[in-house]
Number of protein chains: 4
Amino acid sequence: MGTMLGMTMDRVKVGILGASGYGGADLLRRFAKHPHVTLSGIGSRQYEGQRVDACWPQLAGAFSDLTFQDSDAVIDGCDVLVSAAPHGSATDLVVKAIEAGKRVVDLSADFRLAPEDFERWYGATHPHPQHYPGSVYGLVELHRDEIRDATLVANPGCYPTASALALAPLAACGWLGRDVIVSAASGVSGAGRSVSLGTHYSELNENYKAYKIAGTHRHTAEIETTLGRVRAQGRHLTTHGDADTPLVSFNPHLVPMSRGILATCYTRPDTDKTLSDARLLELYKEFYDGEALITVQDDLPQTKATYGSDRVIISVRFDERTGMVVALAAEDNLGKGAAGQAIQNLNLMLGVDEGVGLEPYGVWP
Amino acid sequence: MGTMLGMTMDRVKVGILGASGYGGADLLRRFAKHPHVTLSGIGSRQYEGQRVDACWPQLAGAFSDLTFQDSDAVIDGCDVLVSAAPHGSATDLVVKAIEAGKRVVDLSADFRLAPEDFERWYGATHPHPQHYPGSVYGLVELHRDEIRDATLVANPGCYPTASALALAPLAACGWLGRDVIVSAASGVSGAGRSVSLGTHYSELNENYKAYKIAGTHRHTAEIETTLGRVRAQGRHLTTHGDADTPLVSFNPHLVPMSRGILATCYTRPDTDKTLSDARLLELYKEFYDGEALITVQDDLPQTKATYGSDRVIISVRFDERTGMVVALAAEDNLGKGAAGQAIQNLNLMLGVDEGVGLEPYGVWP
Amino acid sequence: MGTMLGMTMDRVKVGILGASGYGGADLLRRFAKHPHVTLSGIGSRQYEGQRVDACWPQLAGAFSDLTFQDSDAVIDGCDVLVSAAPHGSATDLVVKAIEAGKRVVDLSADFRLAPEDFERWYGATHPHPQHYPGSVYGLVELHRDEIRDATLVANPGCYPTASALALAPLAACGWLGRDVIVSAASGVSGAGRSVSLGTHYSELNENYKAYKIAGTHRHTAEIETTLGRVRAQGRHLTTHGDADTPLVSFNPHLVPMSRGILATCYTRPDTDKTLSDARLLELYKEFYDGEALITVQDDLPQTKATYGSDRVIISVRFDERTGMVVALAAEDNLGKGAAGQAIQNLNLMLGVDEGVGLEPYGVWP
Amino acid sequence: MGTMLGMTMDRVKVGILGASGYGGADLLRRFAKHPHVTLSGIGSRQYEGQRVDACWPQLAGAFSDLTFQDSDAVIDGCDVLVSAAPHGSATDLVVKAIEAGKRVVDLSADFRLAPEDFERWYGATHPHPQHYPGSVYGLVELHRDEIRDATLVANPGCYPTASALALAPLAACGWLGRDVIVSAASGVSGAGRSVSLGTHYSELNENYKAYKIAGTHRHTAEIETTLGRVRAQGRHLTTHGDADTPLVSFNPHLVPMSRGILATCYTRPDTDKTLSDARLLELYKEFYDGEALITVQDDLPQTKATYGSDRVIISVRFDERTGMVVALAAEDNLGKGAAGQAIQNLNLMLGVDEGVGLEPYGVWP
């Protein structure tokens, strides 16, 4: 497994845990077209024993030889495990897979932070801190080299992907100011498929609101961690290398739409250079030069341009009156913010083209 | 051109007219991944000389060697023309392409109806009635055989695709009752990208309404024409064969969403057989057996399951109290209802696998 | 109580059960401005002991002297009870209030149907059939006279209000055809505030679907019952008078919006008169002449025009090709379809102006 | 006119210019219930000569004695003019009304800024700078006293109302930091009823984006001006008094919903006091104590709670990790952000209860 065989490569057996969540749906849709992967098993406690279309009407007819299984069967049957189960619930399973010699892409938060940070932000003792040193943080464009050989990739959170990518070029120059504010907004699918008054249609439709602001959202730590690495290491990061971690004020909002994140990031740049929109755009374009799934553009990004895609669209502005830089990144929270990036990580681990099975272009309208 | 060469086939040069409309956007997105097609030119009066992303933010970076051209250049440069320009505006261009030896898939209404019907429903003299006898109606699942060798394919309308497919199994049995009512609903993209108070966000959001009901919508004729062919010819149709055309009461509604059509069709079946849900579902499943882009399912269809896809999802119910059959079909109006079916037609014409470049599964959520 | 005292009338003490549901919210909003009513108590099991704004953020600051109470306290403290609790759960309470001498407007289905119909459609034995003969069906425009003196008013369902009002003028002429089809659509608030996958934002947004069609939705019986009374009694109905009940095929759909119902009703009229749009519109305008909360208009109705209002907007068309009549009615399902009509009933019972506290005009956009 | 006559006061004749825009619609809806106002005329170039319901379907039946008139007729017939026409187009008319002895509430931007600021931000010479010194800025809660006797009230912009009210308590303490960032978001009705690709349903639905950020939106000046007055004058402002104007980085976003603004405001407070959520909330509650249309609450505000209302809901948080204050204000952009505040101003000018005809509570869901 894992050997690179190009077009004639044997298909790798991939199992998915948490396949009945929204991240799972987007994984399934992409794997249905992935030329190097055979889906060997899909796990879901709620739908165990049922067919895919019992859970996902849009996939009726796909994977007709599969039914949802229990976790052990999924792990046993796969070469690589992609876990889309929420943090906490799947840590033991991820570790079990690792210890059975499988490689894992974990979409949960369990291995995104150093155990001490995890415990502070998630309010729980980390059950397997010994696996953190062997894990790699899967923000592909910044960590690409170490992902290829990784056994355990911690797939980044949706907000941290957009926020860190929006600010990384500034951080790499040492320009993050004393205050770094991320005012971000997400579609409702970021809250998952669980039912609650907080995801009820009639409560959210025609409603825009802030939630978990002012230092209370867990993604804060993940954004700070990545920016800290960029400040210390520059463009190409290692998960366990140096860090110079900033404080970030992260403030998420909920938008009445299904998909999409826009991170609008503010900082007064710590530099005596003369800035302008053009100068900043040039900096950003150089920083992300050659990245197929990152587009730096002159126009302001909009979430719709990333709908159903695996791309991040970034732009930046300089407010000459106030001296503030405003950096913006849009993505599909389930694409580059979750399932798309997981498969991008998987492709790297398999040694195949990084973009195989991915979708660079959004569905419009 | 047009010979089947499998994986090593030369790419066919395809030009698109009307590439700045929503049908055009979905054509571009599909062609970006089509292995047998090279996009040779894209036409748009409004964006002539500009790059793709000036019109389509979701396609930034795609087709970077193309700019929008005038129609003549698009026609000259292609082997096959796909015209997504509206009816009337592009008839001359379609005919010009035909007469220059190109094959054409025409998404407009110009060649969907016999000239006398066109003139009655569209209120204009048909400028090129001599080309109707050589055209083929591109509702793939019912007209497949004659499409392969067609020079000019009239791609069906969005409502007629869903409505005719929902009712065809009944029509083929001779079961259409005296009254056939189609109560259909569409997302707003069906109205195109032109600006008007009728497509203004604040006017349509949180609004559901009927429009052009009671025999005033032009798609009525197209639905009747197809059902008339099915009644006379059965399962496999020829455009210019016999017809036994019924009257249909077609009543469209507008739904506050971007994409999706659901046709809910009512008729009291003209049969003395004992009907039931199970009996009807069996009939429908047999009728569409083997069709990759038609799913007949027990559950009621919902538009979201087809979002971004090229599939039609169909179900049927028998109301035992009233004796009414209710047949339902959901589709993405821009997928199977427009661009997806156009490429399905193109694939047939090229002799390649019918589903190449198409998307069977929807984006959920 | 119940005597008419004009501007100097003592305020009537009204208690609400089920005040934490959407019907409750719209009752509270209207009572906050009602000049003849003092809200004496509000009931909710879930929010008992809490203030109004714990449940309803839009009402922060209103009714600051009230907290949610248990049902007994609400009943004891009121002169008139308005019960917005769901069917089944509140029948005992409604009966208790009646037997304690209170007058009641009941928004549940418990007393809308004759007990034998209730049992057939709701699948449960009616616990208090002895109170049906004393109840009055509160579809105001058709039952106005008997409501004034009623002790127990069964407030109609949302779909039946729109559907029956759309078809009543035809029924009164004896023109309902053999087939009567109601193809209706509702915003999501009709499903209430309870959480479920079926009311989850990400599942319903950009989704349009049929549900409980072909004779399986309970509102079918209510529509048939009212039309049966109109056929037998004409314009002014008594709940317990004659009926000539038709069969109706009722087919509801769910629309991705919060509020609004549109009923699109089809029948081939049973008449040898020459029909036209103009003739039908004239008939409808005469039938509803003088009704402040019913507007018959030439333009097709749209739900947005009723958003937040207590009005029904109706129009009608004749399809000359097929001979079909299409009658349409739009309303806010929580306004005229629930809370608004409940207060209209209450006003009649109190002998005050029928429109007091109501809102004839919608919020646009 | 203008004397307070209580219940027996003669109705004041009010004319509306720009009655076919969204601000106009909300004015009409409120005036339909205003006990002290008779609508004497409504102006609209586009609908001149037509009835109200030709423009506004939700108002069918209202104001049946009025048709849209030309501006001169509206001005001639009124005692007080409320102009909802856009800036620039109506300045001459407003001045004409003033010079004819009418009092005016002007919803446009023409008199919100000092002429030199107007010219800088709006890029046009102010045609009537001589009327600025006599005008009053109608942000009611901060300018109440001078509004009562005003002849010309400049009704504030939608974003400035929310943003300035969110930050005023901090500004009054002298606590605005060096950087003041307003990251705001609005529903689409803020863009008016004019058609454009930028307000097209299919382009905006499922889309969230920033626009006119980084010092390019004209409302920046209005926010700075009000905060400058608060810094210099404290709680009770005069339009032409002292100012100590800060720089504000104002960054608006567009949300796929019809109504609602949320301003999320960030500043590192310039104080050595120990702050906390509780301390800040206390400060805010004191600052707005007794204001009927401002609610300071512990929970974070959401736009839906203000839908269709004339209220602003405010909360505030202290981010202990970063030292940042986050102040938030939600409003209906057409309510307190436009028509509601205009009528609040009118009520003050007429000497009647400030809340007459207004709606404190939102429509939920």
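Order of the sequence lines fixes the chain letters, A, B, ..., with proteins taken first and strands second; residue numbering starts at 1 for each chain. As the structure is a computational prediction, the values presented were derived from the model and not from experiment.
- The line from CZ of C:Arg144 to CD of C:Glu354 is 4.0 Å long, rounded to the nearest 0.5 Å.
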- Evaluation steps, side chain to side chain contact (heavy atoms under 4.5 Å, CB included), between C:Asn333 and C:Arg259: CA-CA 6 Å; C:Asn333 55 302; C:Arg259 288 170 178 256; 3.9 Å; yes
- Task: Under the salt bridge (Lys or Arg N to Asp or Glu O under 4.0 Å) rule, what do D:Arg30 and D:Glu359 come out as? Steps first, then yes or no, please.
- Result: CA-CA 8 Å; D:Arg30 284 161 177 77; D:Glu359 180 53 76; over 6 Å; no
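- Around CZ of C:Arg51, the count of heavy atoms belonging to other residues, nucleotides or ligands within 6.0 Å does not exceed 12.
- Interface remark: D:Ala60 contributes backbone and side-chain atoms alike to the contact with chain C (heavy atom separation under 4.5 Å).
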- Item | CA sep, side-chain torsions, deciding dist, call: C:Gln344, C:Lys336, side chain to side chain donor-acceptor pair (under 3.5 Å) | CA-CA 9 Å; C:Gln344 195 184 5; C:Lys336 180 65 176 175; 2.7 Å; yes
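- Of the two parts of C:Ala32, only the side chain, counted from C-beta on, holds a non-hydrogen atom closer than 4.5 Å to a non-hydrogen atom of chain D.
- C:Ile42 places none of its side-chain heavy atoms less than 4.5 Å from the side chain of C:Tyr47.
- In this structure, chain C has a heavy atom under 4.5 Å from the side chain of D:Leu334, while its backbone stays farther away.
- In terms of heavy-atom pairs under 4.5 angstrom with chain D, the leader among C:Ala62, C:Gly61, C:Gly187 is C:Ala62.
- Within residues 195-206 of chain D, the residues having any heavy atom less than 4.5 Å from a heavy atom of chain C are, in residue-number order, D:Asn205, D:Glu206.
- Using non-hydrogen atoms only and a strict 4.5 Å limit, the part of residues 298-313 of chain D facing chain C consists of D:Gln302, D:Lys304, D:Ala305, D:Tyr307, D:Gly308, D:Arg311, D:Ile313.
- The backbone N or O of D:Leu165 lies less than 3.5 Å from a partner atom in the side chain of D:Tyr288, making a donor-acceptor pair.
- In this structure, C:Gln341 CD and C:Leu107 CG are separated by 9.0 Å, a value rounded to the nearest 0.5 Å.
- Only the side chain of C:Asp26 comes within contact range of chain D, with heavy atoms under 4.5 Å apart.
- Ranked by non-hydrogen atom pairs under 4.5 Å with chain D, the options C:Pro365, C:Pro360, C:Ala292 are led by C:Pro365.
- Taken to the nearest 0.5 Å, the CZ atom of D:Phe63 stands 12.5 Å off from the CH2 atom of D:Trp56.
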- Message: Using ring pair (Phe, Tyr, Trp, His ring centres under 6.0 Å), reason through D:Tyr208 and D:His253 one step at a time and then give a plain yes or no.
- Response: CA-CA 7 Å; D:Tyr208 178 80; D:His253 298 71; 5.5 Å; yes
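- Under the 4.5 Å side-chain criterion, counting only non-hydrogen atoms from C-beta, D:Asn207 is not in contact with D:Pro256.
- Interatomic distance, D:Leu59 CG to C:Tyr361 OH, rounded to the nearest 0.5 Å: 7.5 Å.
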